[in-house]
Amino acid sequence: MIEVCQLRKGFGTQTVLDRVDFSIEKGESVVIIGRSGCGKSVLLKHLIGLLMPDAGEVKVEGQVISRMSERELLRVRSKFGMLFQGSALFDSMTVAENVGFAFRNRTGLSPSEVRRRVTEALEMVDLRGIEEKRPSELSGGMKKRVGLARAIVYQPEILLYDEPTTGLDPIVSDSIDQLIIRVRDRLRVTSVVVTHDMRSARRVGHRILMLHGGRIYAGGSPQEIFASPDPVVRQFVAGVSDLKTVDS
Amino acid sequence: MQQTLRTWVSDWMQGLGAVALLGREAFQAVLKSRTPWRELLYQVYFVGVKSQSVVLITGAFTGMVLSAQTYFQFHKVKMDTATLAVTGVSMCSELGPVLTALMVAGRVGAAIAAELGTMRVTEQVDALRTLATHPVDYLVVPRLLALHIAMPVLTLEAIGVGIGAGYLVCVRLLDIDPTYLWANMLRYTDVPDLLTGLIKSVVFGGVIALIGCYKGLCCGEGAEGVGRATTEAVVYASITILISNFFLTMALGPLLAGL
């Protein structure tokens with residue numbers, strides 16, 4: 001469904017992604033892990049055409065999106081939903097307006113139908129009765145849920161999550177993980193999750209890819225990654241600054 | 001020194017090209033009926049209604065001071081009754097559109113750059129794109145159209161209030177005969193003067209909107225980036241207004257002279 005071939009991206013003199021190759025099957029849930037600043041979010045933004053590669057290409061259902069114009073990309077993006085790291089809710093709008101934003105350009109849907117779908121999406125993320133609240137009145141966890149409701153309301157085929165649990169306490173993080181799993185199973189979407197939260201990675205992913213040194217350094221099922229003998233993978237999975245600590 | 005100058009010219013040309021491309025994209029979106037009407041209505045309210053006090057005060061005091069200064073000079077050669085004619089022509093063709101545009105650039109141009117800049121750094125612009133909405137259609141088009149609509153109205157108000165305030169200063173404070181004062185103003189202030197002002201106001205509206213939107217959408221990261229974008233939007237828009245005003249005067253003068 002998504003294919004990334006020889007992707008290269010740099011900013012100024014710094015190369016962030018260097019010949020990245022991988023593919024994601026339909027219905028699969030892939031988690032991309034890696035240290036902060038290694039280019040995970042940059043990679044995720046390439047999958048939806050928010051960033052364009054310096055070289056290489058990104059294909060979505062066989063279409064090379066990395067050569068499309070912004071207007072051509074709008075059509076492809078209607079297949080995607082994305083949850084941003086900071087939720088990226090429109091602060092001038094209410095929760096209902098945020099969630100229903102995608103229907104703004106879609107004709108054929110009555111206002112009552114849009115309202116029904118918005119309420120349905122909010123119920124799916126366990127938020128009821130907050131339609132008229134502003135994003136500034138919500139907690140971090142609630143913002144993430146509203147962001148997720150906005151991403152799933154038009155039932156996309158692919159969902160991208162950029163650090164969905166960053167900055168949240170363990171209990172709220174757990175509820176977000178449960179939501180990701182619920183949305184994945186109920187809507188049967190292809191999910192790509194970027195995170196450095198290993199608990200989250202183990203739970204939501206069918207497959208884990210580790211980004212290191214600008215490349216996909218390791219890949220496999222959560223069990224394989226967590227049991228990997230590779231020192232770089234082990235260090236990251238164990239979350240220690242000194243590898244000797246892992247060995248001991 | 002030469003390298004710095006070369007970089008500055010290159011950056012300036014690049015910015016000019018980007019603003020022109022943004023203008024073209026917005027123009028095409030308008031032609032293809034991609035205007036979000038609700039947003040446009042709000043922007044017309046924000047630009048037109050909310051700028052009233054600033055524009056009216058500027059227009060009134062400019063007309064008053066211009067009339068007073070003109071009187072002080074004209075009185076020496078006994079041309080007192082021509083005072084309001086100078087105020088009328090100046091307000092219609094130069095001061096009305098330019099000062100209104102400068103005030104709107106400070107108020108609205110800064111607000112546009114700050115709002116769009118904040119949206120960019122908090123990924124709200126990216127969120128728009130993921131929701132299959134082109135930022136130019138949703139953010140630039142309503143602001144550009146709102147300024148094109150509101151600027152001529154605001155300029156007309158500034159001109160009217162400026163001439164009215166100038167008239168009051170001449171009659172009440174400087175004791176000039178009101179009949180001759182008004183007759184001379186009508187005699188020397190022609191339709192081309194007013195048309196020049198209105199055409200300029202439409203152009204200046206486009207300048208404020210496009211530079212504000214461009215600076216906001218291309219701003220750097222963080223609070224510093226937004227702050228810099230806001231400052232640059234006001235400075236660049238003001239300079240562009242002043243420079244383009246000269247060329248507009250030179251172009252429109254002969255063009256409208258026959259009317």
Side-chain angles (χ1 to χ4, degrees), chain A residues 11 41-42 44-52 65 68-93 97-107 135-136 143 146-154 156 158-163 192, chain B residues 7 18 21-22 24-43 45-46 50 111-112 114-143 146 213 216-218 220-223 225-226:
Chain A
F11 296 99
S41 295
V42 170
L44 195 74
K45 285 182 178 177
H46 277 89
L47 303 186
I48 193 170
L50 290 178
L51 287 175
M52 286 296 160
I65 67 162
M68 286 182 177
S69 69
E70 186 68 22
R71 294 225 177 261
E72 287 171 322
L73 277 168
L74 295 182
R75 201 169 22 84
V76 178
R77 286 192 193 128
S78 56
K79 292 186 175 103
F80 284 86
M82 183 164 177
L83 174 61
F84 287 85
Q85 193 171 350
S87 303
L89 299 179
F90 305 125
D91 43 25
S92 59
M93 298 180 193
E97 287 168 337
N98 262 285
V99 178
F101 188 88
F103 297 121
R104 203 179 54 87
N105 290 332
R106 296 187 188 188
T107 49
S136 56
K143 281 183 189 169
V146 174
L148 184 54
R150 184 176 68 180
I152 61 172
V153 73
Y154 50 95
I158 306 160
L159 270 172
L160 309 179
Y161 300 87
D162 190 4
E163 310 266 14
V192 185
Chain B
T7 314
L21 287 174
L22 186 65
R24 191 189 69 170
E25 184 84 43
F27 185 65
Q28 284 174 343
V30 174
L31 289 183
K32 289 180 180 166
S33 306
R34 296 194 192 112
T35 311
W37 297 106
R38 212 177 115 191
E39 265 297 297
L40 172 62
L41 210 62
Y42 173 74
Q43 290 301 330
Y45 165 77
F46 178 71
K50 295 269 191 173
I112 290 175
E115 188 182 357
L116 268 54
T118 307
M119 284 185 76
R120 202 192 94 79
V121 298
T122 55
E123 294 185 307
Q124 290 179 53
V125 175
D126 281 346
L128 268 183
R129 295 165 72 196
T130 62
L131 293 165
T133 302
H134 200 297
V136 170
D137 299 352
Y138 189 73
L139 299 174
V140 181
V141 168
R143 284 164 177 82
C213 288
L217 290 172
C218 301
E221 292 303 318
V226 177

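Proteins come first, then strands; the chains are lettered A, B, ... in the order of their sequence lines, and each starts at number 1.
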Practice problem: Using a strict 4.0 Å threshold on nitrogen-to-oxygen distance, state whether Glu39(B) and Arg104(A) make a salt bridge. | Solution: no

Quiz item: In terms of heavy-atom pairs under 4.5 Å, which option from Asp137(B), Val125(B), Thr118(B), Thr122(B) contacts chain A the most?
Solution: Asp137(B)

Quiz item: Is chain B contacted by the side chain of Leu73(A), its backbone, both, or neither, given a heavy-atom distance below 4.5 Å?
Solution: neither

Quiz item: Which heavy-atom pair separates Glu123(B) from Asp162(A) by the least distance, and what is that distance?
Solution: OE2-OD2, 4.5 Å

Quiz item: Checking Phe90(A) against chain B: side chain, backbone, both or neither under 4.5 Å from a heavy atom?
Solution: both

Quiz prompt | Atom CZ of Phe11(A): over 12 foreign heavy atoms under 6.0 Å | solution = yes

Quiz item: Would a 4.5 Å heavy-atom cut-off, applied to side chains only, mark Leu131(B) and Arg150(A) as touching?
Solution: yes

Quiz item: Do Gln28(B) and Arg71(A) come close enough that some side-chain heavy atom pair is under 4.5 Å?
Solution: no

Exercise. Please state whether the side chain, the backbone, both or neither of Leu50(A) comes within less than 4.5 Å of a heavy atom of chain B.
Key: both

Quiz item: With ring centroids as reference points, do Phe101(A) and Tyr138(B) lie under 6.0 angstrom apart?
Solution: yes

Quiz prompt | Spacing of Arg77(A) atom CZ and Arg129(B) atom CZ [to the nearest 0.5 Å] | solution = 5.0 Å

Self-check item: Minimum-distance pair of heavy atoms, taken over all atoms of Ala88(A) and Ala127(B)
Solution: O-CB, 3.7 Å

Practice problem: Drop me the distance from Leu83(A)'s CG to Thr130(B)'s OG1, to the nearest 0.5 angstrom. | Solution: 10.0 Å

